[in-house]
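Letters go in sequence order (proteins before strands), and every chain restarts at 1. Treat the numbers as computed from the prediction; the structure is a model and nothing was measured.
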2 protein chains.
Amino acid sequence: MNNTPKILIIEDEKKIAGWIKIYLEQAGFSTEIAYDGVEGLNMIHTQNPDLIILDLMLPRMRGEEVCTRVRQKSNVPIIILTAKNTKSSLLNCLDSGSDDYMTKPFDPDELISRVNALLRRSYKQSSTIQKCGALELNRETGTFTVNGENIPLSAAQLSIMEIFMDNPNIILSRAKLIEIAFQSNFTGYERAIDNHITRIRNLINTKDFNPIKTIYGSGYKLEC
Amino acid sequence: MNNTPKILIIEDEKKIAGWIKIYLEQAGFSTEIAYDGVEGLNMIHTQNPDLIILDLMLPRMRGEEVCTRVRQKSNVPIIILTAKNTKSSLLNCLDSGSDDYMTKPFDPDELISRVNALLRRSYKQSSTIQKCGALELNRETGTFTVNGENIPLSAAQLSIMEIFMDNPNIILSRAKLIEIAFQSNFTGYERAIDNHITRIRNLINTKDFNPIKTIYGSGYKLEC
DNA sequence: ATTAATGTGTCAGAAATATGTCAGTTCAAA
DNA sequence: TTTGAACTGACATATTTCTGACACATTAAT
């Protein structure tokens with residue numbers, strides 16, 4: 001696989017497809033769009049995407065059918081988009097390990113977060129270069145830049161920023177941050193995170209740039 | 001929902017009940033068993049399970065009756081067990097969003113799979129975005145927006161808005177708001193709510209947008 | 001091996017934020 | 001107009017977060 005994971009969006013509503021495309025590309029993924037089920041299935045074979053976002057209500061071939069056919073040949077992770085209250089036989093087709101689904105309407109930031117989670121779970125790397133506004137993280141080299149300027153981060157700081165970049169605009173509790181960053185080999189006091197945050201802020205903040213927000217009573221959130 | 005979902009099995013045949021229990025526990029769930037309908041209903045209230053597996057043929061109270069009574073108070077997902085060929089009036093009671101059913105004899109792996117699907121769905125459903133006119137609440141991330149603009153709310157404010165969004169266009173008394181929002185660990189003066197309302201209004205109101213109405217003598221109502 | 005530099009958890013005020021109470025004012029209904 | 005209800009700014013208290021200082025651990029340099 002090359003550096004930038006390719007995501008195939010199969011969605012007939014052009015507005016929504018375009019909207020998802022923009023969000024994903026801002027987050028550093030490369031994308032393709034198919035506007036109906038048959039085209040989608042073809043593109044899966046020709047493009048070999050790393051992840052598929054699949055709407056169920058599609059012209060020419062229903063999403064369920066696409067899903068079933070893909071699963072006969074491949075384990076590529078799939079995120080299903082469904083309208084709320086749509087009862088579907090599709091649940092049989094979902095593999096809890098490699099798939100996920102979201103009901104419309106959904107939060108684009110949540111989508112990014114799930115894409116990253118699934119890509120990680122499927123043991124393909126997340127995007128090597130992850131962008132989030134002015135912030136940019138290169139996982140391969142462990143370099144972190146703000147507006148192109150390199151900011152050297154310590155190991156713990158980098159771990160925390162990775163989590164934030166994987167989950168942009170989502171509130172992360174201290175417990176969650178510790179759990180993901182230190183993989184349960186951390187026994188200490190939850191408030192240690194506060195210090196890391198302070199230190200990261202001192203490194204990246206400028207007068208009117210303060211992307212790590214405190215959510216009083218809940219945790220922190222990276223805004224971008 | 002906490003880490004280990006608790007599943008209540010209501011089934012009078014001890015052999016089958018035990019067998020289901022073993023399978024579910026092997027799959028990582030915690031389980032309880034009730035051997036008749038009345039006991040089952042009691043345990044639903046005392047144990048507050050995350051999912052119920054309910055046989056229809058039960059002593060003391062039929063499964064249909066249990067199902068109906070549960071649904072008066074709760075949306076906990078239910079998987080109905082029926083003997084093959086038993087068409088039942090039960091279909092009225094089934095909510096396609098949160099319930100499922102299986103005919104005996106059944107494959108234990110299929111049971112596990114359905115349990116997971118339902119739990120996932122019930123979890124996701126309560127966590128997706130809830131809309132009410134211009135207001136939008138994301139329960140998972142605790143984000144609240146008005147016309148797309150993010151409004152940071154404090155814990156108490158968020159609790160109150162959640163209740164309003166769950167009960168749109170319904171008059172809620174101060175007592176009710178306090179009861180739901182603070183789960184009875186509130187001993188103070190009922191009028192504290194007034195202040196929360198004022199503060200929320202200051203955050204979300206604009207010139208001609210005032211969704212929280214005062215119902216003189218009764219309480220408040222979210223209009224949308 | 002020794003020393004220096006860096007990283008990171010803990011702690012202790014200080015600062016910021018949240019929220020219940022209260023009081024004076026405004027408002028709604030009869 | 002009268003009366004009780006609701007509004008809202010001010011305040012006090014409690015909780016949460018921030019951040020500099022420190023100690024210990026780890027890494028790098030010699």
K.L.:
Does the pair B:Glu32/B:Lys6 count as a salt bridge with the N-to-O cut at 4.0 Å?
P.N.:
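So B:Glu32 does not pair with B:Lys6 through a salt bridge.
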K.L.:
Any donor-acceptor pair under 3.5 Å between the side chain of B:Arg191 and the base of D:dG4?
P.N.:
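Checked by distance alone, the answer is no.
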K.L.:
Would you say B:His196 reaches C:dA18's phosphate, i.e. side-chain N/O to OP1/OP2 under 4.0 Å?
P.N.:
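No.
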K.L.:
Within this structure, what is the CG-to-P distance between B:Leu158 and C:dT17, rounded to whole angstrom?
P.N.:
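In whole Å, C:dT17 P lies 18 Å from B:Leu158 CG.
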K.L.:
Once you round it to whole Å, what is the distance between P of D:dA5 and CD1 of B:Ile193?
P.N.:
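In whole Å, D:dA5 P and B:Ile193 CD1 are 17 Å from each other.
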K.L.:
Between atom CD of A:Glu25 and atom NZ of A:Lys131, what is the distance when rounded to the nearest 0.5 Å?
P.N.:
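Here the interatomic distance stands at 9.0 Å.
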K.L.:
Kindly indicate whether the side chain of A:Tyr189 and the base of C:dT10 share any N or O donor-acceptor pair separated by less than 3.5 Å?
P.N.:
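Not at all, since no donor on one side and acceptor on the other fall under 3.5 Å apart.
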K.L.:
Please determine whether a side-chain nitrogen of the Lys or Arg among B:Arg199 and B:Asp194 lies less than 4.0 Å from a carboxylate oxygen of the Asp or Glu.
P.N.:
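Looking at B:Arg199 and B:Asp194, the cut-off is not met.
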K.L.:
With a 4.0 Å limit, can you tell me whether A:Arg201 has a side-chain N or O closer than that to the phosphate oxygens OP1/OP2 of D:dC18?
P.N.:
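Indeed, a polar side-chain atom of A:Arg201 lies that close.
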K.L.:
Give the rounded distance in Å between these two atoms: OH of A:Tyr220 and P of D:dT16.
P.N.:
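So the OH-P distance, A:Tyr220 to D:dT16, works out to 13 Å.
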K.L.:
For the pair made of CG in B:Leu177 and P in C:dG20, what is the distance, rounded to whole Å?
P.N.:
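After rounding, the reported distance stands at 13 Å.
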K.L.:
So, is A:Tyr216 close to the D:dA14 phosphate, meaning a side-chain N or O under 4.0 Å from OP1 or OP2?
P.N.:
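Indeed not, no polar side-chain atom of A:Tyr216 lies that close.
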K.L.:
Could a donor-acceptor pair under 3.5 angstrom be found where the side chain of A:Asn195 meets the base of D:dG20?
P.N.:
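A donor-acceptor contact between them is present.
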K.L.:
Taking 4.0 Å as the cut-off, does a side-chain nitrogen or oxygen of B:Ser154 come that near to OP1 or OP2 on C:dT19?
P.N.:
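So the side-chain polar atoms of B:Ser154 do come within 4.0 Å of the phosphate oxygens OP1 or OP2 of C:dT19, strictly under.
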K.L.:
What is the separation between atom CG on B:Asp194 and atom C1' on C:dC22, rounded to the nearest whole Å?
P.N.:
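That distance rounds to 12 Å.
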K.L.:
Whole-Å distance between C:dT21 C1' and B:Ile178 CD1?
P.N.:
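Answer to the nearest Å: 13 Å.
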K.L.:
When you check the phosphate oxygens OP1 and OP2 of C:dA16, does a side-chain N or O of A:Thr214 lie under 4.0 Å from one of them?
P.N.:
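Negative; the distance criterion is not met.
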K.L.:
From the options C:dG20, D:dC7, D:dC18, select the nucleotide whose nearest atom is closest to the side chain of A:Thr198.
P.N.:
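Looking only at side-chain atoms, A:Thr198 lies closest to D:dC18.
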K.L.:
Tell me if the side-chain of A:Arg199 makes a donor-acceptor pair with the base of C:dG9, cut-off 3.5 Å, by modelled atom types.
P.N.:
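Present.
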K.L.:
Provide, to the nearest angstrom, the distance between the CD1 atom belonging to A:Ile212 and the C1' atom belonging to D:dT19.
P.N.:
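That distance rounds to 15 Å.
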K.L.:
Between D:dC7 atom P and B:Asn205 atom CG, what is the distance in whole Å?
P.N.:
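Between P of D:dC7 and CG of B:Asn205: 11 Å.
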K.L.:
Is the closest side-chain donor-acceptor distance between B:Thr214 and B:Arg201 under 3.5 Å?
P.N.:
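B:Arg201 and B:Thr214 do have a side-chain donor-acceptor pair below 3.5 Å.
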K.L.:
Once rounded to the nearest 0.5 Å, what's the spacing between atom CG of A:Asp208 and atom CG of A:Asn210?
P.N.:
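Going from the CG atom of A:Asp208 to the CG atom of A:Asn210 covers 10.0 Å.
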